Amino acid sequence: KQEVTQIPAALSVPEGENLVLNCSFTDSAIYNLQWFRQDPGKGLTSLLLIQSSQREQTSGRLNASLDKSSGRSTLYIAASQPGDSATYLCAAHPSGNTPLVFGKGTRLSVIA
Amino acid sequence: ETGVTQTPRHLVMGMTNKKSLKCEQHLGHNAMYWYKQSAKKPLELMFVYNFKEQTENNSVPSRFSPECPNSSHLFLHLHTLQPEDSALYLCASRGQGTGYGYTFGSGTRLTVV
């Protein structure tokens, strides 16, 4: 059974800092992996999707990597801004017919 | 807007009421999901529909009743809820293939009084 762990649970950084959020999963046979952002009381916004055949995806200041052999994914945020403050969720998709398995998230605070 | 629309955004209901949550997507996705998110808890999968057929019921109490009349619409019918059912209810959809991720709606904030 796939399990997803995110470390750290919470992170506070000063504005402008580059940071890395970590995600690990127990079963390397994944369909794809998705990173989401959630603001308090809101829905989930998809940030990046990495297919099983890919190693990384980039969107603006965000870069996500995937290493299936080690069961790890990282989300790199460059030049962090206060508007980046949110909870970031990592989710592994075990197979086409099996629903996403979510981590518990990393709550990020970027201090101006 | 993400392409997945949930209504209403907020709902307050008494324990004896009957209400319904609605989710609509016109992304051409064939799978739709209901999730529950309680305060300070991780997301809980409730129901999964593929091509209008329910393929997963994650041990959800019968006071929650889903309905999927077509691939674009998903409902969650609520009756005789308990205060502990107060939560953010999220709908999501997904297309087929590894290049398709989940698209979530903005959620319905439900308060049971």
Side-chain angles (χ1 to χ4, degrees), chain A residues 1-7 9-10 23 25 28-57 59 62 64 66 68 73 75 86-107, chain B residues 1-7 9-11 21 23 25 27 29-51 53-58 60 86-111:
Chain A
K1 179 185 171 186
Q2 180 72 269
E3 294 181 1
V4 177
T5 303
Q6 291 187 247
I7 295 173
C23 171
F25 46 94
S28 62
I30 61 171
Y31 195 65
N32 57 39
L33 186 139
Q34 204 166 354
W35 282 92
F36 296 90
R37 167 188 173 138
Q38 186 176 29
D39 294 288
K42 306 292 186 183
L44 277 64
T45 300
S46 180
L47 297 174
L48 290 164
L49 170 78
I50 311 176
Q51 298 181 56
S52 60
S53 58
Q54 298 174 328
R55 295 298 300 269
E56 67 176 348
Q57 282 288 320
S59 176
L62 306 179
L66 175 64
K68 290 194 299 180
S73 177
L75 179 67
T87 295
Y88 290 81
L89 293 158
C90 169
H93 198 176
S95 72
N97 293 324
T98 307
L100 280 180
V101 178
F102 282 88
K104 294 183 178 180
T106 294
R107 189 173 66 254
Chain B
E1 288 297 330
T2 64
V4 177
T5 303
Q6 289 188 244
T7 54
R9 297 293 291 268
H10 301 273
L11 178 62
L21 310 185
C23 177
Q25 59 90 9
L27 301 170
H29 292 173
N30 54 276
M32 297 187 77
Y33 309 81
W34 280 117
Y35 283 85
K36 175 184 178 182
Q37 189 176 40
S38 303
K40 302 192 185 302
K41 288 186 178 180
L43 282 162
E44 299 173 51
L45 178 66
M46 300 176 72
F47 300 104
V48 180
Y49 278 82
N50 276 293
F51 295 101
E53 299 298 320
Q54 183 176 314
T55 56
E56 187 154 342
N57 175 338
N58 204 23
V60 180
S86 298
L88 180 67
Y89 289 84
L90 292 165
C91 172
S93 70
R94 190 182 72 85
Q96 282 192 305
T98 60
Y100 287 92
Y102 282 48
T103 301
F104 279 81
S106 299
T108 294
R109 170 67 63 186
L110 173 67
T111 303

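Note that the coordinates shown come from a computational prediction; the quantities given were computed from them, not determined experimentally. Numbered from 1 within each chain, the chains take letters A, B, ... in sequence-line order.
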Honestly, the part of Y35(B) sitting under 4.5 Å from a heavy atom of chain A is side chain

- Side chain, backbone, both or neither of E56(B) within contact of chain A (heavy atoms, under 4.5 Å):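 Just its side chain gets close to chain A.
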
* Asked: H29(B) vs Y100(B) aromatic rings, parallel, tilted or perpendicular, using cut-offs 30° and 60°?
  ->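 Perpendicular.
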
So, the part of Q38(A) with a heavy atom under 4.5 Å from chain B: the answer is side chain

Contact origin within L100(A) toward chain B - heavy atom pairs under 4.5 Å:
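Both backbone and side chain of L100(A) come within 4.5 Å of chain B.
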
Nearest heavy atoms of N30(B) and Q96(B), plus distance in Å: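 Taking N30(B) first and Q96(B) second, the nearest heavy atoms are OD1-CG, 3.1 Å.
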
ring-ring contact (aromatic ring centres under 6.0 Å, His included) filter on Y31(A), not counting sequence neighbours, yields H93(A)

Only counting residues at least two apart or in another chain, list the ones meeting salt bridge (charged side-chain N to carboxylate O under 4.0 Å, His left out) with R37(A).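 Expected list: D39(A).
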
Answer key: most heavy-atom pairs under 4.5 Å with chain A among G105(B), G99(B), G107(B), P42(B) is G99(B)

**Request:** Working to the nearest 0.5 Å, report the span between CG of L62(A) and CD of Q57(A).
**Result:**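 Spacing of CG (L62(A)) from CD (Q57(A)) equals 11.5 Å.
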
